[in-house]
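Data block below; observations after.
Note that ligands are numbered from 1 as they come in the structure, with each ligand's atoms numbered from 1 the same way.
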Amino acid sequence: MLKKLHLLTLVVLVTVSSVSAQKMIGNETDAQKDKRMEWWKNDRFGMFIHWGLYSGAARHEWVKHNEKIDNAGYQKYFDQFNPDLFQPQKWAAEAKAAGMKYAVLTTKHHEGFCLFDSKYTDYKAPNTKAKRDLVREYVNAFRAQGLKVGFYYSLLDWHHPDYTIDEIHPQSPADQSDASYAKLNKGRDMAKYRQYMRNQITELLTNYGKIDILWLDFSFPNKNGHGKGKDDWGSVELLKLIRKLQPGIIVDNRLNLEEYKDGADFETPEQVSTAELLKYRGKTWETCQTFSGSWGYYRDENTWKTHRQLLDLLITSTSNGGNLILNVGPTARGEFDYRANNALDSLAHWMHANSNSIYNCTYAPESYKVPEGTKLTYNKATGRLYVQLFTYPKGKLLLPGYNGKIKYAQFLNDHSELLYKTSGDDIEVTLPEKKPDYEIPVIELTLNN
Ligand code: GLC
């Protein structure tokens, strides 16, 4: 008893101290936050869209950095930009068909070019051959499909004259000496750039109606003193402004506000393996992943993920309680490349039949052992457990220790009954010899409680 009490005191102390170690920027309660995040956690699957001038170079969205191009050298991509096939209604229809519930578009990437009509720059789509605000058309199209709308906005800006040269700027000095930085940064004023960002984010969050997600990218503090973090961005004030303009908005974790409990709404593990996702259980997160290696359209990049790898990402994210945002990099003409279309079509085929094992689902309680060759997802509200058949077993599937735990079994894709028998503590589900027409078929188990 005494021992138990001590343990309890310890737990309370640890909890209290870890909470008090985290400062707050606003005053939202945990319950209010849960409510605000509810749709996002249930929806599980979104579309990232990286589109900008780099789509024309077609060799990575970091091309300006990778090839150390200056503004004059990059100008040709602006002059050339002419997205004559841009029909965001098509993008939205494809996202919806693939089962994606929300989207996030790069309104400005590191190159500094704005797809929207900003009062604060001439470096924007309306001044290209596009002659119009492309963000507005995206917003209208996705909203019309009932999808939630998000904006990506790059904190970095490799075009703005006041943005100071840092370690990853295309014009970063070869010798990395403080003197070289000082020389290059003479006349540049981050305070002015901060104001520019605040102005643009204000435009984005006031001129387009309700915005569901803001994806700010990214911080790189402590890089030998030539990185950037919360003080450079004015992150605290920026986040306050964002929450004031759009109280319901969901914001990612790249503002470098780790010391604040409410400095971010979700974590963003980028391009991690499915094995790594296990360690995010219990947190609020979204893994961002590309179809190929690059975010922006990269014509000659050929390492495209297979349908199975994409499904694995989606299922494994859900089965560890997180979201997946899959990226498309449209071409400079404004369409999805055929490889992206094929990938989305295959996902649409699977999601049409199996999305109930993704939406509103999370990881299964530990009392359900994971049957061999499968992963589990679980819908608490409906009392359904989903067995994702990564390897299709011959004739039968053993559910270890499931005796007494289930009352019905069926394939999710066609709701066809799967007969089963008990054997000791276990259950043996009889499966047809022929695998259903899905890369990873799903068994839906109705649980006893
Ligand atoms: C990175 C990259 C970037 C991409 C982003 C998406 O931080 O800088 O190009 O937009 O991740 O997660």
Side-chain angles (χ1 to χ4, degrees), residues 40 45-69 74 77 100 102-116 135 138 150-160 163 166-170 172 197 201 204 213-223 226-230 232-233 235 250-258 264-273 276-277 280 284-298 301 303 305 310 313 317 322-330 332 340:
W40 186 88
F45 192 23
M47 175 183 274
F48 223 156
I49 307 170
H50 276 66
W51 195 41
L53 299 182
Y54 46 80
S55 311
R59 49 183 193 279
H60 206 282
E61 76 284 355
W62 277 54
V63 61
K64 195 173 187 187
H65 159 99
N66 294 345
E67 300 177 14
K68 296 196 167 299
I69 306 173
Y74 207 74
Y77 302 122
M100 292 155 162
Y102 61 91
V104 177
L105 169 73
T106 51
T107 58
K108 177 192 91 165
H109 203 261
H110 310 336
E111 64 179 4
F113 174 69
C114 298
L115 289 176
F116 60 107
V135 169
Y138 150 80
F151 289 158
Y152 167 109
Y153 183 87
S154 173
L155 300 166
L156 287 69
D157 194 315
W158 298 332
H159 176 267
H160 198 283
Y163 183 87
D166 52 45
E167 276 209 347
I168 54 180
H169 192 283
S172 169
M197 277 203 295
I201 288 174
L204 287 168
I213 300 162
L214 186 62
W215 224 102
L216 297 165
D217 195 30
F218 64 88
S219 296
F220 47 108
N222 304 326
K223 281 209 157 188
H226 301 295
K228 286 195 173 77
K230 59 177 187 303
D232 303 281
W233 315 130
S235 293
I250 294 176
V251 184
D252 72 336
N253 69 338
R254 297 193 175 181
L255 273 168
N256 186 215
L257 294 173
E258 296 78 11
D265 288 327
F266 63 95
E267 295 189 36
T268 56
E270 179 174 333
Q271 299 275 61
V272 298
S273 71
E276 273 179 72
L277 295 175
Y280 291 93
T284 307
W285 57 274
E286 169 192 80
T287 181
C288 45
Q289 302 272 346
T290 58
F291 279 140
S292 64
S294 156
W295 299 89
Y297 178 64
Y298 196 144
E301 157 65 70
T303 56
K305 293 184 179 87
L310 296 173
L313 279 168
S317 297
N323 288 15
L324 169 68
I325 187 162
L326 257 186
N327 179 73
V328 183

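With hydrogens and angles disregarded, no donor-acceptor distance shorter than 3.5 Å links the side chain of Thr287 to the backbone of Leu324. Side chain of Asn327 to main chain of Trp295: a donor-acceptor pair is present (N/O by atom type, distance under 3.5 Å, no hydrogens or angles). In this structure a side-chain-to-backbone donor-acceptor pair under 3.5 Å is present from Thr107 to Tyr152. The closest donor-acceptor contact from the side chain of Asp166 to the backbone of His226 lies at 3.5 Å or more, if one exists at all.
Here is the list of ligand 1 atoms found below 4.0 Å of a heavy atom in Cys288: 12 (O). Residue Tyr152 approaches ligand 1 through these ligand atoms, each under 4.0 Å from one of its heavy atoms: 10 (O). In the vicinity of Phe218, heavy-atom distances shorter than 4.0 Å reach the ligand 1 atoms 7 (O), 8 (O).
At the top of the distance list for atom 10 (O) of ligand 1, counting protein heavy atoms only, stands His50 NE2, 2.5 Å. Annotation: atom 1 (C) of ligand 1 to nearest protein heavy atom, Glu270 OE2, 3.4 Å. Nearest protein heavy-atom neighbour of atom 2 (C) of ligand 1: Trp62 NE1, 3.5 Å. Protein heavy atom nearest atom 5 (C) of ligand 1, with residue, atom name and distance: Asp217 OD2, 3.2 Å. Glu61 OE2, 2.6 Å is the protein heavy atom nearest to atom 9 (O) of ligand 1. The protein atom (non-hydrogen) at minimum distance from atom 3 (C) of ligand 1 is His109 NE2, 3.5 Å. Looking at atom 8 (O) of ligand 1, its nearest protein heavy atom turns out to be His110 NE2, 2.7 Å.
If you look at Thr106 next to ligand 1, there are no close heavy atoms at all, none under 4.0 Å. With a heavy-atom cut-off of 4.0 Å, Phe220 does not touch ligand 1 at all.
The side-chain heavy atoms of Tyr54 and His60, taken from C-beta on, include no pair separated by under 4.5 Å. For the pair Trp62 and Ser294, the minimum side-chain heavy-atom distance is 4.5 Å or more. Contact check for His50 versus His109: side-chain heavy atoms found under the 4.5 Å cut-off. Annotation: side chain of His110 is not in contact with side chain of Ile168 (no heavy-atom distance under 4.5 Å).
For a threshold of 3.5 Å applied to N or O pairs, the pair formed by Trp295 and ligand 1 contains no separation below that value. The shortest N/O to N/O separation between Trp215 and ligand 1 does not fall below 3.5 Å.
For the pair Gln271 and ligand 1, no heavy-atom separation below 4.0 Å is found.
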Set out, in order, the CA-CA distance, both residues' side-chain angles and the distance that settles side chain to side chain donor-acceptor pair (under 3.5 Å) for Tyr280 and Glu267, then state yes or no. CA-CA 9 Å; Tyr280 291 93; Glu267 295 189 36; 5.0 Å; no
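In this structure, Lys64 forms no cation-pi arrangement with Phe113, as its terminal cationic atom is not both closer than 6.0 Å to the ring centre and no more than 45° off the ring axis.
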